[in-house]
Amino acid sequence: MDKTVKAEGRSIDSASPREAQSAAKSARLARAKPPAAIRLGIAKTYKLYINGKFPRTESGRYFTVADAKGNIAANMCRASRKDFREAVLAARAAFSGWAGASAYLRGQILYRVAEMLEARAEQFVAELKLMGVDKRAASREVTATIDCLVYYAGWTDKYQQVFSAVNPVASSHFNFSILEPVGVVSVLAGRENALLGFVEAIAPVIAGGNTAIALASEQNPLCAVSLAEVLHSSDVPAGVINILSGYRKELAEQFASHMDVNAIIANGDDASEIKMIQEQAANNIKRVIIRKKPVAPDPYQIIDVQETKTTWHPIGG
Amino acid sequence: MIAPKPDQAPRVDQVGVDERVARFRARSIKKASKVEALNLVLSQIDLTTLEGQDTPGKVRQLCQKAMRLHDSLPDIPHVAAVCVYPMMVAEAKKALGASGIKVASVATSFPSGMAPSDVKLEEIKLAVGLGADEIDMVISRGKFLEGKYQEVFDEIVACKEACGEAHLKVILETGELGALDRVRHASLLAMQAGADFIKTSTGKIQPAATMPVTLVMLQAIRDYYYDTGRMVGMKPAGGISKAKLAIHYLVMLRETLGEAWMSPEWFRFGASSLANDVLMQLQKQRTGIYQSEDYFSKD
């Protein structure tokens, strides 16, 4: 205030028109009411999820996702094959720990993911709505996703009993078959149901002790990428689930060809892509699971990514 | 001869060294240059097994690997040498035959060096007698840290004499020396005492080889070469298990000592698992597909 007064005082004596003008301006400013504070929204930067961290793509590239109205919803990381390579390294490193964790612990952690998702349900409903899902359908989808997680959490310590077997053999052996996770699994999520479809694809994989690298749907990646935040706060060990976003055309071949990936799950019905996946997967005889349409949760999807180990144990004489 | 005093070696600027190393790590080596570098790395590896659990069978297996690194990759070089304990020298020599791969033996009460001098010299003579082409000795770090430089110096001189025709590599065990100034001093001391190679570490102490330590030693070699005209080799050992890191070392070598040192004759990697990673990268370059350890031999 003092300053303004001084400036006004000087302007009276001053002969210079410019000085008079600026003095008048500061006097006006002094009288004007300060504008109401405008707060800029803090928009989330959607990033990748690799080895329990949220890096940007090493390539520095991005692509734009439009919401239902055609406005820009977000700039997503356009992951490169090197990001995928890093994710495979992380998944491989996490595998022995996760596969060796007790079934009970894996179940607890999956259940914890469900709990965390429940607490953040609103955020996911909002993201689904942004992408054009109506409100009721959106909250149905989030609920179904939570239920799906709880469903597979329950199966973690049961599929082994149900699907293992003691086999009758014609020699003096005790012969039994048990299930073991195949290893590192790459997952191409489908276009349908951005959140539910994604969780339905990865939950049976990790329920069975595998580790996963999943590519979010290219058209609808928001929920999948946000899911990483849920996983991050749920005691899922780093590297067990890695989530990438990017162009499926660019990455599918890497997902199918990497020699250190033991199985690939591809959701989608593009015939030429399926052919390519089968050819590339043949390099290391990866297990290929093609799901042309969304499949409701069932324990057979856990078994899809399990190897059967059969042991012949001599008995008697 | 008189051992060099600490103040005869230049002081090392640690910050400068770290910054220089960061530069080397930022070099981008791609495509054909990368393949060439990877092949060079393979040819410079001292394939090493120095475990209490070593058996003649394991040494034979390692020698087999040294000669035939990966059959589905044609035109790759074999490694430079196989590095074993003195007790395994005869076995390695027999297994390697006329392949041209050298047998290196650690000696002088590896890894601690805590034995009387005459015992150390006997060990060297034994290893050389069994056919070792190269001897990797450890310096007495205790004496060095105590300031008994002359004793350390005389011991190296005696070891060099005991080696006869065999090449002598002197392990400074930089992880136990503490400061880069001491690394620089020990390098100078070892070279003046007649070392053919200076080597960072035994691999039994952490930290083993690091890029800053290796840079200081390379600079010592360079300055020694300017002073005397004698070329001394360098061998970082321990902790280099990735091809990418090995290429960073080659960049550092090229930019510190130049083209003349870029061969197995003057630079070696002491490593056991590096070879497999290099093979995986070569296979990746050939096929365009990322590789898995599952398809490369374990040892």
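Letters A, B, ... are given to chains in the order of the sequence lines, protein chains preceding strands, and every chain is numbered from 1.
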>> Once salt bridge (charged side-chain N to carboxylate O under 4.0 Å, His left out) is applied, do any residues pair with B:E259, and if so which ones, sequence neighbours excluded?
In response: B:R254
>> If the test is side-chain contact (heavy atoms from CB on, under 4.5 Å), which one of B:L274, B:L245, B:V79 qualifies with B:V41?
In response: B:L274
What are the sub-3.5 Å donor-acceptor pairs between chain B and chain A, distances to 0.1 Å?
from, atom 1, to, atom 2, distance (Å)
B:Y290, O, A:M259, N, 2.9
B:Y290, OH, A:R81, NH1, 3.0
B:S292, OG, A:D260, OD1, 2.6

> Got a sec: does the CZ of B:R27 have more than 12 other heavy atoms crowding it under 6.0 Å?
Replying inline: yes
>> Rounded at 0.5 Å granularity, tell me how far CZ in B:R141 sits from CG in B:L177.
In response: 8.0 Å
> So which of B:D13, B:T200, B:V17, B:T210 actually passes side-chain contact (heavy atoms from CB on, under 4.5 Å) with B:V216?
Replying inline: B:V17
> Between B:K102 and B:D46, does a salt bridge (Lys or Arg N to Asp or Glu O under 4.0 Å) hold up when you go through it step by step?
Replying inline: CA-CA 9 Å; B:K102 303 263 196 321; B:D46 280 4; over 6 Å; no
